[in-house]
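These notes concern the structure reproduced below.
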Amino acid sequence: MDCFLTILSSLKQGRHLKVLQASYDVLKQFVSVGRLQQLIVEKSLSRSNVEIESLATHLCNIPESIDNKMNLLNTHHLFEKKNYVVVLMQNILGALERLQNQSSVKYDFVGKLVGKLAVLGDRNVVVQCLLEFVNRGHENGEQISEVLTFVSSQHLEAVTLPFFTCDYIPFQELKQFINVIFGPKIVLIGKLCTLLYHRLIFIKYFKDVRPKYLLFYPLTTREERRYLLTKTLFELLTVWGNKSSVDLQPYEHHLALCESIIICFYYMDNDERLIIKEKIMMLLAAGMPVHLDSNHSDFRRAGMVTAEILTQFLGISTEAPLKFDYEETADTRKLKSLLEGYTEEDFVVKEPPAQLIIESDQKVPDKFTDLDSDDDEDDLKPFSSSDKNLATVKPPVYLKECIEILTETRDAEKDFDKIAVTLRTLPRLLVEAKGSVDELALEITQIILSLSSEFYMEDFIECRKRILINCAVVAPRTVADYLSYQFYEDNYTIGHRLDILDVIVQASRELSKIELSPSEDQIEKTKMLNMKPWEIEVMERLKKKTKRFNSATKIAIGKENKFNPVCGNFFYALMNQYDKELRTLSLTEEDTLVLGRLIYTLGVVLHCASNAPAAPNMGKTLLDFVRVFTDIYVLDEYVKQSILFATSIVAQISPVAVMTAEIYPQLMDIRLWAEELLTDSISADTTELAVYALDIMDTVIGRGLFPSDVSSLSKEYAPLSLKDTVINSNPKISEISSSDS
């Protein structure tokens, strides 16, 4: 292994042509004589797990390493990416054959290698090689099943998905292969069970019914797996009858959900159906009104057919079976045919893709002038950007019209153009809306918060965030309560939660902004911009000739602070569920970025409400909140900075009477904690911020004086890593949010 890593290192870092060529020749011989297979066998029999991750990455990245030196080396086509994937898979399978009769074999290295190769290389070629290996014998299938155990979570989908979408193996053979490979591990490996029966059904659905039959088949072959069949059916029916699912999902996704329900029901025997009969009827009774109330006929029709099929096979009302009046379509006929099982009559089994043949004497030409040829450019299809058609799409005029466009079925390219225009028009319509728009703003927030970019739109993230901010501005109570509640829900990513916090920060700042009426000079300058030159000259002459004995000085009058009456909705609702146990969020362990951002958001909200009557009570509550986290020994540096920032805000907005009577002990505890940071913290930013915070607390507590410039606090004493990203703009958080959505 050391020899192999040395060769790769010299190939990557070498600068002299002779060294590069010698390293390349040694690497080529290393792969050609079977040393690669021997290396895999040695790592699988070794008890040491040192450097297996790094070695697997190096093995999969050999083509990229050589591509960087291709213009200097006389390279062999063996290391072209499409060829190298086949070569590496042949070595992996050869190593597995040699390991069959060995004892104490560990497949962790092979699992990591297969996972990385599926992501970095060609996943279809990887799965094709694995299926050919399984076809040679049952023992091979058990080996591949063990290998899947060690594929990492982030690579598991890339390895698993091509098994179910394979179109060159007959259905009956393929389902046996899948049962051998995945069946024994479904119950044992939680990440595999979650991938197969949650992600591939509810998130990344199959449009064809063939993969769905393959997906549920392994659950029926052994008694200990059949409970998952019932559990999955209940989850499917729960999502199927959810109003948000019907209103916000595309029709294709909902139709796939109905198909999965019927196929899952198809695999159950009569005894199982009778046992869960009452539970199914309860779920149907809850879901049918949602479908019948839907504005889209396709959703109504799919719900009717699903309910008819389930009640028919449950033996309910056999004399007068449940029957709805609807128009027969291709989708309804397809749903009704699912209970008859899957047949290959309408499916054409394709020829398996021919694997590349690696010949040892074939070389790539030294010169790559042919790569610049334009001969094949006629076969390339031009990229059609829908932005060119946006000018022809009429923008919506009313908020209800926007809601209808965003919730309707998206089945054509022009619909995407209409959605893009709607998203760019919505911020203006929300600002111009008159009267009470609380219900409409809440409905728009629900739609936009769950909307993903299913089409190409450069400014999608900016439009989405601007719409949410404007909704929170025009309907602060309703939208702030909803966003705060959704922040602690299970079905959101870290990016969604950071977006929610950013929307609350920006909306708080906009609502608390006190706008002054323009002065006379500003009004006059604005008038002069629209005047003709001769009019300006006349006005100047009149000013000189006019004598004024006394001119009253007009004082700029500020407008009402709109944030003071609603500051509690932005503050308390966001804080009251912080200790809720969530499957996808752990504030004090893994997701410390969210905790720090939450504390910082509460500090900004308090700063925006600094002139409100409720500000002292809010400050006391925030101090009690952050004091809980100072008792935790291991804290992320960003969380420490956020606590110092929030404490500084409380110290500045609290009156002397409140400070001495109510929050003095808590403030002194945090002051002692901040002093410990000066010696214990490993971050220079945290130490600097601790000095600022201590200076503020000493000034306010000791002298009873208040800094004159409170408005500069959020910029001066914000966590140093967010000085420029949170208050003014938010590129860092936006980047995190876009990568997670």
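Atom set for the values below is all heavy atoms of this structure, side chains included, hydrogens, waters and symmetry mates excluded.
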Next item on the list: Just jot down the side chain to side chain contact (heavy atoms under 4.5 Å, CB included) partners of P427, sequence neighbours excluded, or say none.
Entry: R466, I467, N470
Notebook entry, point to check: Does I448 offer a backbone N or O that forms a donor-acceptor pair with the side chain of R464 under 3.5 Å?
Noted result: yes
Notebook entry, point to check: With sequence neighbours left out, what residues match Y488 under ring-ring contact (aromatic ring centres under 6.0 Å, His included)?
Noted result: none
Margin query: For K562, give me all partners under side-chain hydrogen bond (donor to acceptor under 3.5 Å, both in side chains), at least two apart in sequence or on another chain.
Written below: none
Check: Could you give the distance from CG (L192) to OG (S153), rounded to the nearest 0.5 Å?
Finding: 10.5 Å
Margin query: Going by side chain to side chain contact (heavy atoms under 4.5 Å, CB included), name the residues that satisfy it together with T478, two or more places apart in sequence or in a different chain.
Written below: D438, L442
Notebook entry, point to check: Are a donor atom and an acceptor atom from the side chains of H296 and H291 found within less than 3.5 Å of each other?
Noted result: no
Notebook entry, point to check: S245: what forms a side-chain hydrogen bond (donor to acceptor under 3.5 Å, both in side chains) with it, not counting sequence neighbours?
Noted result: Q249
Check: Is it true that a side-chain atom of Q652 and a backbone atom of S648 form a donor plus acceptor pair closer than 3.5 Å?
Finding: no
Item checked: Side-chain donor-acceptor pair present, T493, R497, cut-off under 3.5 Å -> no
Checklist line | Residues K243 and D293 bridged, charged N to O under 4.0 Å | finding: no
Checklist line | Partner set under ring-ring contact (aromatic ring centres under 6.0 Å, His included) for F487, not counting sequence neighbours | finding: none
Item checked: Residue pairs passing the side chain to side chain donor-acceptor pair (under 3.5 Å) test where at least one lies in residues 439-449, sequence neighbours excluded -> none
Checklist line | H253 side chain vs F202 backbone, donor-acceptor pair below 3.5 Å | finding: yes
Item checked: With E675 via side-chain hydrogen bond (donor to acceptor under 3.5 Å, both in side chains) - residues at least two apart -> R671
Item checked: side chain to side chain contact (heavy atoms under 4.5 Å, CB included), paired with I403, selected from I444, T422, L426 -> I444
Item checked: Listed partners of Y492 passing ring-ring contact (aromatic ring centres under 6.0 Å, His included), at least two apart -> H496
Note to self: So, taking the atom named CG in L468 and the one named SG in C463, what distance separates them when rounded to the nearest 0.5 Å?
What the structure shows: 11.0 Å
Checklist line | Contacts of type side-chain hydrogen bond (donor to acceptor under 3.5 Å, both in side chains), residue N576, not counting sequence neighbours | finding: none
Next item on the list: Sequence neighbours left out, what passes ring-ring contact (aromatic ring centres under 6.0 Å, His included) with H155? Give chain and number order.
Entry: none
Item checked: Contact summary for S610 and A615, nearest pair of heavy atoms -> O-CB, 3.9 Å
Next item on the list: Give a yes or no answer on whether the side chain of R627 reaches the backbone of L667 with a donor-acceptor pair at less than 3.5 Å.
Entry: no
Margin query: According to side chain to side chain contact (heavy atoms under 4.5 Å, CB included), who are the partners of V187, at least two apart in sequence or on a separate chain?
Written below: R225, Y227, L228
